A.B. asks: 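Below are the structure tokens for one structure; questions will follow.
A, B, ... follow the sequence lines: proteins, then strands. Residue 1 opens every chain. Quick caveat: nothing in here was measured; it's all calculated off a predicted structure. The figures that follow rest on heavy atoms only: side chains count, while hydrogens, waters and symmetry mates do not.
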Amino acid sequence: MDLRFRGAAASDVERDALDRVLGPATSGWDGAPRSAADLRLSQRERDRRHLLLPALRALHDRVGWISEGGLDEVCRRLGVPPAEAYGVASFYALFTFEPPARRVVHVCDDIVCQVRGAEAVLAQLPDSDGEVAWRRSPCLGLCEVAPAALAVEHGDPVRETPLGPLGSDSHSGRQSSHFGSQNLILRRREGGEWLAGLRRAVALGSEGSRAAVAASGLAGRGGAAFPTGRKWDAVAAQPGPRYVVANADESEPGTFKDRMLLEVDPDAVVEGMVIAGLAVGAEQGIVYLRGEYPLVREGLHEAVGRLRTAGALGDDVLGSGARFDVDLRQGAGAYICGEETALFASIEGYRGEPRSKPPFPVERGLFGRPTAVNNVETLVVAREVLAGRPEAAQRKVFCVSGRVRAPGAYEVPFGTSLRALVAQAGPLGDVTAVLLGGAAGSFVTAAELDVALDPDAVRAVGATLGSGVVLVLDDTVDLVRLVLRIAAFFRDESCGQCVPCRVGTVRQEELLHRWASGAPRPGDRALLDDLAAVMRDASICGLGQTAPNAVLSAVDKLGVLA
Amino acid sequence: MRRGAQLFVVDPRRTATAQWADTWLGIDVGTDLALANTVAREVIHAGLVHREFVERATEGFEAFAESVEPWTLERGAMETGVPAAAIRALAHAYASADRAQLCWTLGITEHHNAVDNVLGLINLALLTGHVGRYGSGLSPLRGQNNVQGGGDMGAIPNRLPGFQDILDAEVRARFEAAWGRPIQPRYGLHLTAMFEAMGRGDLTALYVMGENPAQSEADVGHARALLAGLDHLVVQDLFLTKTAQLADVVLPAAAAWCEGEGTVTNSERRVQRVRKAIDPPGEARDDRWVLTEIARRLGAPWEHRSAEGEWDELRSLSPMHRGMSYGRLEALGGIQWPCPHDDRLEPSFLHGRLWVDDPTERGRPAPFHVVHHELPVDQLTDDYPYRLTTGRRLDSYNTGVQTAGYSSPLRFGETLDLSPEDAATLGVADGQPVRVTSRRGSLTAPSRVDAGLRPGLVFMTMHFPDDVDTNLLTIEAVCPKSGTAEFKAAAVRLEPA
């Protein structure tokens with residue numbers, strides 16, 4: 001039964017946290033003292049469901065967990081059945097339902113940190129207690145300082161501290177994150193003219209902006225490489241209201257470029273959103289930021305404030321007569337929410353489960369409206385294009401990590417060879433393979449290192465650029481463990497909505513464990529291929545469709561577990 | 001609702017449904033007609049009457065309008081307890097909507113003036129033209145899968161199968177010709193009238209199928225005495241109910257939904273096939289088999305026929321079922337009545353004729369009814385100051401015959417639900433027992449504090465009659481037109497037990 005309250009009450013602290021997000025309770029039915037009028041009338045405000053995730057985050061940030069009383073209070077305020085709200089809350093890995101330790105440390109044990117010695121770090125940790133709790137975490141997007149962790153101390157305000165590199169790996173160190181000339185988007189803040197892109201966009205008008213972006217050849221940088229100009233044209237052709245969404249839910253293991261762009265120049269991201277908003281005729285933009293990026297959240301808040309003060313956000317953007325504003329939403333630990341339709345569901349206050357496409361977001365996106373959803377890097381490059389540097393569309397930011405001296409974000413022209421890129425970062429040993437594109441990508445062998453970093457060229461060696469992950473491996477790396485971690489990642493992150501992915505990722509992992517423990521069964525090899533075929537053909541979204549990629553390439557090309 | 005429909009809930013209690021409504025109006029028990037008449041007056045005064053519809057398709061508007069004239073918003077607010085502004089908002093939202101429906105359940109009908117309450121709602125639909133059109137209408141929501149079907153098949157005292165009036169000589173002649181027997185030219189007795197007849201000694205033998213009146217009747221102590229005083233009682237049921245325990249003969253019945261063939265008809269008048277999945281246990285027999293066998297033992301030459309054979313006989317006698325062959329029911333996944341033709345379907349809503357241009361086809365105008373508000377029979381006094389209303393809780397069903405046999409996390413036994421304010425006044429903590437006394441009986445039940453209730457209003461169910469016999473408290477004040485007792489309104493006194 002989904003309509004049930006069991007009488008648990010929220011604490012005063014929880015109420016205060018919710019008041020700040022939702023405003024004070026207005027009647028005896030949503031938490032205020034009961035009045036005579038309440039006994040005869042209640043009215044429910046519609047369309048507040050989208051506040052569910054912000055409300056849950058406010059609770060969790062303040063008291064460190066989602067208590068039954070707190071959850072019920074949220075449900076009363078928003079008119080959401082408790083069972084449904086629990087379904088949403090429990091969807092996110094960062095939310096917990098037991099009273100927490102004072103300090104919770106999420107220690108990354110994902111692929112990059114594993115390559116940089118995370119297991120050794122984890123093995124030395126003391127037991128969790130009421131003071132400090134240690135929890136394993138999938139990739140935190142802190143790969144340039146791997147092995148990394150995120151420490152969280154709930155309170156007012158919550159304190160979230162990224163940590164790394166942990167342990168005593170002599171090769172690690174907080175690296176300079178960007179390299180190259182002043183014209184690179186990674187160095188924008190050091191030189192560029194503030195709001196130059198937006199000024200140009202206002203001058204060009206929406207059609208002119210879209211034409212400029214289309215002419216630059218800019219393709220989306222989130223992994224799918226869809227032409228940005230075409231996406232914006234499609235949204236502009238739909239009836240309003242329309243939305244712009246910046247997908248900053250960077251969760252692909254080994255990816256951290258968007259975080260770096262947001263840390264380096266959050267203004268450029270917001271400016272890119274305003275440009276997109278004007279170009280497609282939207283009045284509202286939303287940044288969906290991954291839950292594990294606390295520093296970026298602060299930076300974005302400040303950037304939005306700066307642009308608003310400058311008149312670049314609001315009712316009349318730089319005198320153009322157009323209205324546009326930006327809202328910030330933060331996830332709470334769910335890889336799947338980087339999938340665009342799952343991201344919409346998450347913003348709307350539902351479980352982050354993807355929808356079948358078509359209809360595509362350009363037609364029916366956020367709140368069922370036409371939506372331009374763009375990756376952070378895409379928006380920054382679009383801004384560069386309008387600021388008079390269309391060549392930015394011909395470069396790509398790669399996240400180089402793993403067995404290299406200088407892990408970090410590297411911006412190089414498309415077509416640069418993989419070998420040259422890896423050389424820039426300084427391999428620590430003989431490179432045996434590179435995982436290109438992250439957990440959803442594929443392994444490239446040492447013999448294939450001369451491949452050009454260009455979508456067509458990498459496709460020829462059975463790989464994809466994806467979100468720009470370049471995880472460098474050498475002979476110190478335990479490839480079996482790495483492949484098992486990838487399989488575990490997909491099993492864990494599958495949202496469970498569709499059978500091919502929910503069951504397929506479990507069966508795939510089980511099979512790999514059988515092989516790793518030396519107990520293969522006859523027919524396993526065919527089964528692995530069958531599972532891959534079913535997941536690729538029949539999964540609703542990219543998660544299931546790409547879940548077999550890295551595993552199969554490791555088995556086929558590197559001979560792992562073969 | 002997800003697509004924008006507005007929901008108003010009118011209920012003395014703030015139920016789970018009320019919680020998710022856009023607006024809940026917490027009226028006093030038994031003031032439904034005061035509300036309906038106030039809404040009607042507001043619709044009229046605000047100029048929101050559907051003039052064209054009222055003029056063409058209805059009659060009696062003037063007299064009706066005159067009758068509701070005293071029901072100002074202020075008077076309506078005073079009588080119902082709901083703020084005038086909320087009544088006004090409801091009236092305007094209902095009358096201005098493109099499509100609007102009135103849905104109700106027992107809160108309207110378990111009153112001594114049940115039929116008047118329904119007529120009051122019909123008046124509103126006529127006033128606004130919210131009837132006979134797609135998406136608009138009046139919907140009594142059924143509590144069971146086949147309440148509608150039972151009535152349609154003639155299991156009511158005034159109708160033959162196909163909802164045909166037994167007083168209509170032409171109808172009777174058709175059935176007499178088919179059945180080879182004369183049919184009584186008068187109405188039979190409904191349930192409450194049967195108990196009255198038992199009281200007079202006019203009714204001495206009773207055949208009960210699938211009912212448990214020994215626990216479900218209002219003023220149940222009285223009802224049990226009457227059942228025990230019968231010359232002969234036959235009960236046909238799946239379970240050995242309390243009523244069955246009083247019986248001279250118990251006929252074990254099969255579960256129709258899985259152990260027999262046939263049809264059911266749901267709230268939207270959709271006839272659907274029921275298929276046999278398993279054999280009934282032991283000596284249990286399908287109802288059709290039992291009835292046929294009793295007829296044979298009584299000397300009638302009935303044959304055991306297939307369910308489809310019996311259905312085809314019905315189709316030959318009931319015009320509204322005529323086009324519903326088993327093959328068609330199967331192919332279409334059920335068909336709504338009326339369905340007189342083999343080759344086409346009627347609209348999914350009734351009364352569309354009222355909108356037709358041709359006056360002949362439009363037929364008889366729909367009448368407004370002048371109906372007057374009357375408070376519940378069991379009046380509140382200083383001795384009995386609390387209003388007890390009864391109802392159901394999710395996961396339990398009526399007297400519990402079908403539901404008590406399995407466990408549910410939502411079932412916590414019978415309680416006397418009361419407001420936090422009343423609990424404080426009485427000095428009872430949640431769960432502490434309370435003595436509940438009406439003018440007819442007295443019992444003890446654990447208390448349960450429910451913020452959905454306001455001071456002066458308490459709630460019970462009849463799900464656990466073996467533990468707490470709620471119907472000892474209820475009043476057998478019966479609506480003369482429908483025969484329904486006023487289960488929704490008793491006056492009680494409370495004391496910590």
A.B. asks: May I ask you to name which of V9(B), D22(B), L25(B) has the most heavy-atom pairs under 4.5 Å with chain A?
C.D. replies: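 Answer, by heavy-atom pair count under 4.5 Å with chain A: D22(B).
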A.B. asks: Would you indicate whether R329(A), at its atom CZ, is surrounded by more than 12 heavy atoms from other residues, nucleotides or ligands within a distance under 6.0 Å?
C.D. replies: yes
A.B. asks: Any chance CZ of R88(B) has more than 12 other-residue heavy atoms, nucleotides or ligands included, within less than 6.0 Å?
C.D. replies: no
A.B. asks: Okay, side chain of R14(B), backbone of W29(A): is any donor-acceptor separation there less than 3.5 Å?
C.D. replies: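 No; judged by distance alone, with no hydrogens or angles, the pair does not exist.
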A.B. asks: Under 4.5 Å heavy-atom distance to chain A, tell me which part of I27(B) shows up: side chain, backbone, both or neither.
C.D. replies: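 Interface part for I27(B): backbone (N, CA, C, O).
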A.B. asks: Give the intermediate values and the outcome of side-chain contact (heavy atoms from CB on, under 4.5 Å) for residues Q19(B) and C75(A).
C.D. replies: CA-CA 11 Å; Q19(B) 283 175 38; C75(A) 291; over 6 Å; no
A.B. asks: Taking 4.5 Å as the heavy-atom cut-off, does anything in residues 36-53 of chain A contact chain B, and if so which residues?
C.D. replies: D38(A), L39(A), R40(A), L41(A), S42(A), Q43(A), R44(A), R46(A)
A.B. asks: At a heavy-atom separation under 4.5 Å, does R76(A) approach chain B through its side chain, its backbone, both, or neither?
C.D. replies: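 The answer is neither part of R76(A).
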A.B. asks: Heavy-atom pairs under 4.5 Å with chain A - which of A86(B), A451(B), G452(B), P455(B) has more of them than the others?
C.D. replies: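 Of the options given, most contacts go to A451(B).
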A.B. asks: Using non-hydrogen atoms and a 4.5 Å limit, figure out which bit of D28(B) sits close to chain A: side chain, backbone, both or neither.
C.D. replies: both
